[in-house]
Amino acid sequence: MSTPTGAPVPPGGPAVLAVAVEHARRGVRLQVALRWVLVAFVALTVAFVPPAHDIVTCAVIAACYALFALAIAVRVQRGGDRAVRLAWVALLGDLVVLAALTLLTGVSTPQSWTSDVVTTGFLLLPVLAATQLRPRVCAAVVVPTVVVYLVAGIATMEANLEPWSSLLLRTAIAAGVAAGCVGLSRIQRSRVAQIGRLVQTRGELLGELGDLEQRERTSLSEHLHDGALQYVLAARMDLDDARDSGDPEAFERLDRALTETSRLLRSTVAELHPAVLAKAGLPAAVRELAATAAARGGFVADVRADGWPADLRTTADPLLHRTARELLANVAEHARARTADVTLTFLGGRARMVVADDGVGIGPGAAGPRGGHIGLASHAVRIEAAGGQLTIAPGPASGTVVTVEVPADPA
């Protein structure tokens, strides 16, 4: 598959293609507009700096060039993708027109300035070629342009009494402009591909985030059903036993069930609305998350916050807390880890959190929409939007090390 410019589709999918197509069309429209600038330049040169001879021929060439530009503009407007794809061929027509005028006015009428003015038009051709966003096509146009520019200069240098040094210097400038346009075309093309990939990622994230709320509700429902609700049902049964038999052990079981129910509900409420985050700070809130995840996943969790002042509250605390909950939940559900360590530090206006486990590990692309961890991907997007970064790396021996760094101001 190729874009309307004829270039292969950059990797990334339909979104990348759509962006490439749109920029290709914009580039061709810019090319058409710049061609009209060149047409006006040729017409004004013939009108106000006319050659001493062959003025009628030059006028006919200028008129035909205007008709040529009009035909190309109409073709691009009505021809669809095929016309856009072949628009670069018109650049060869621009080159032929400038070369013909340069040779005609330079050889036959050396006493006029027409040829000297027309040759400056060659410098606009690389700019027209750069609008294609196709470095190879741009090079295929600018190389003949520089060669024709040099050949035309050689053909007219004797009539114009121009020294070799002058010809070579201005040819070097033309070559520099040509090389710069090829490089610009390459840079712009890479930017278009990057924009397309970003659009693709955004679309995938938005699509997946639509299911995230339902998944969180399902998880919460299962957590309440398998935890607190079971203890409530057991407490009701123990209460019935205590009423019927007055068994002291039934009261003890009832007390244990209600205590465990209270703990589970408090844990669930803390996940939904972490009041401890505002009251006791981020380290205490993360310790509570780690304890809950460790109990659920059967691993040992350790939270170290030596580099985090005890009374510090920052603007990044809610973001770091949500990210820690996601990371620890992943450890509990997927890592099959024996231990997990969380390290919190704050230095120079940046908060840093490292979550390391010794489990089975996940790939470095897990934070992307194709990595299968949409929750982690959504947190990575939020962190990047806040000016931070989330990186994933394998552990020293096994497992995964996730590092989160984000700007933070004391609150």
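- Residues Tyr149 and Arg170 are in side-chain contact: their nearest non-hydrogen atoms beyond the backbone lie under 4.5 Å apart.
- A distance of 11.5 Å separates OG1 in Thr131 from CZ in Arg29, rounded to the nearest 0.5 Å.
- With contacts defined as side-chain heavy-atom distances shorter than 4.5 Å, the pair Pro394/Val401 does not qualify.
- Judged by distance alone, with hydrogens and angles left aside, the side-chain atoms of Asp357 form no donor-acceptor pair with the main-chain N or O of Ala337 at under 3.5 Å.
- Put simply, the side chain of Asp358 gets close to the backbone of Thr339: a donor and an acceptor are under 3.5 Å apart.
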Report task. Tell me, with the steps shown, if Leu312 and Asp317 meet side-chain contact (heavy atoms from CB on, under 4.5 Å). Result -> CA-CA 10 Å; Leu312 178 65; Asp317 286 359; over 6 Å; no

Report task. Mind running side-chain contact (heavy atoms from CB on, under 4.5 Å) on Leu150 and Val146 for me, showing each step along the way? Result -> CA-CA 6 Å; Leu150 177 61; Val146 174; 5.6 Å; no

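- Side-chain atoms of Thr292 come within 3.5 Å of backbone atoms of Glu288 as a donor-acceptor pair (strictly under, hydrogens ignored).
- Of the possible polar contacts, one joining the Thr102 side chain to the Leu98 backbone as a donor-acceptor pair under 3.5 Å is found.
- Of the possible polar contacts, none joining the Thr323 side chain to the His379 backbone as a donor-acceptor pair under 3.5 Å is found.
- With rounding to the nearest 0.5 angstrom, the OG1 atom of Thr314 is 7.0 Å from the CG atom of Leu282.
- Contact annotation: the side chain of Val342 never approaches that of Asp302 to less than 4.5 Å [non-hydrogen atoms, C-beta and beyond].
- Annotation: the span from Ser398 atom OG to Arg336 atom CZ amounts to 11.5 Å, rounded to 0.5 Å.
- Residues that satisfy the ring pair (Phe, Tyr, Trp, His ring centres under 6.0 Å) test with Phe346, not counting sequence neighbours, are Trp308.
- Within the model, atoms OG1 of Thr145 and CG of Leu91 stand 8.0 Å from one another, a figure rounded to the nearest 0.5 Å.
- Applying side chain to side chain contact (heavy atoms under 4.5 Å, CB included) to Val355 and the options Asp341, Val404, Leu327, Val303 leaves one that passes, Leu327.
- Taking 4.5 Å as the limit, some side-chain heavy atom of Val127 sits within range of a side-chain heavy atom of Leu34.
- With rounding to the nearest 0.5 Å, the separation of CZ in Arg304 from CG in Leu344 is 10.5 Å.
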Query - Full working for side-chain contact (heavy atoms from CB on, under 4.5 Å) between Val28 and Trp88 - result: CA-CA 8 Å; Val28 171; Trp88 70 273; over 6 Å; no

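- The shortest heavy-atom contact between Tyr65 and Val39 is CE2-CG2, 3.6 Å.
- Glu326 and Arg382 are not joined by a salt bridge, as no carboxylate oxygen comes within less than 4.0 angstrom of a charged side-chain nitrogen.
- Taking both residues in full, the closest heavy atoms of Cys181 and Ala130 are given as O-CB, 3.6 Å, listed atom of the first, atom of the second, then distance.
- Under the 4.5 Å side-chain criterion, counting only non-hydrogen atoms from C-beta, Pro126 is not in contact with Val141.
- Counting non-hydrogen atoms of other residues, nucleotides and ligands closer than 6.0 Å to CG of Leu67 gives a total above 12.
- Atom CZ of Arg350 is surrounded by more than 12 heavy atoms from other residues, nucleotides or ligands within 6.0 Å.
- Considering only heavy atoms from C-beta on, Leu320 comes within 4.5 Å of Val406 through its side chain.
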Query - Test side-chain contact (heavy atoms from CB on, under 4.5 Å) applied to Phe68 and Asp94, step by step - result: CA-CA 9 Å; Phe68 169 77; Asp94 302 324; 3.8 Å; yes

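- Distance check: Met353 CE to Leu319 CG gives 8.0 Å after rounding to the nearest 0.5 Å.
- With hydrogens and angles ignored, the 3.5 Å screen pairs no side-chain donor or acceptor of Thr403 with any backbone N or O of Thr391.
- Between the Thr119 side chain and the Asp116 main chain, a donor and an acceptor come within less than 3.5 Å of each other.
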**Report entry** Test side-chain hydrogen bond (donor to acceptor under 3.5 Å, both in side chains) applied to Arg191 and Gln194, step by step
**Finding:** CA-CA 5 Å; Arg191 287 179 176 176; Gln194 180 64 21; over 6 Å; no

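- Partners of Arg313 by salt bridge (Lys or Arg N to Asp or Glu O under 4.0 Å), not counting sequence neighbours: none found.
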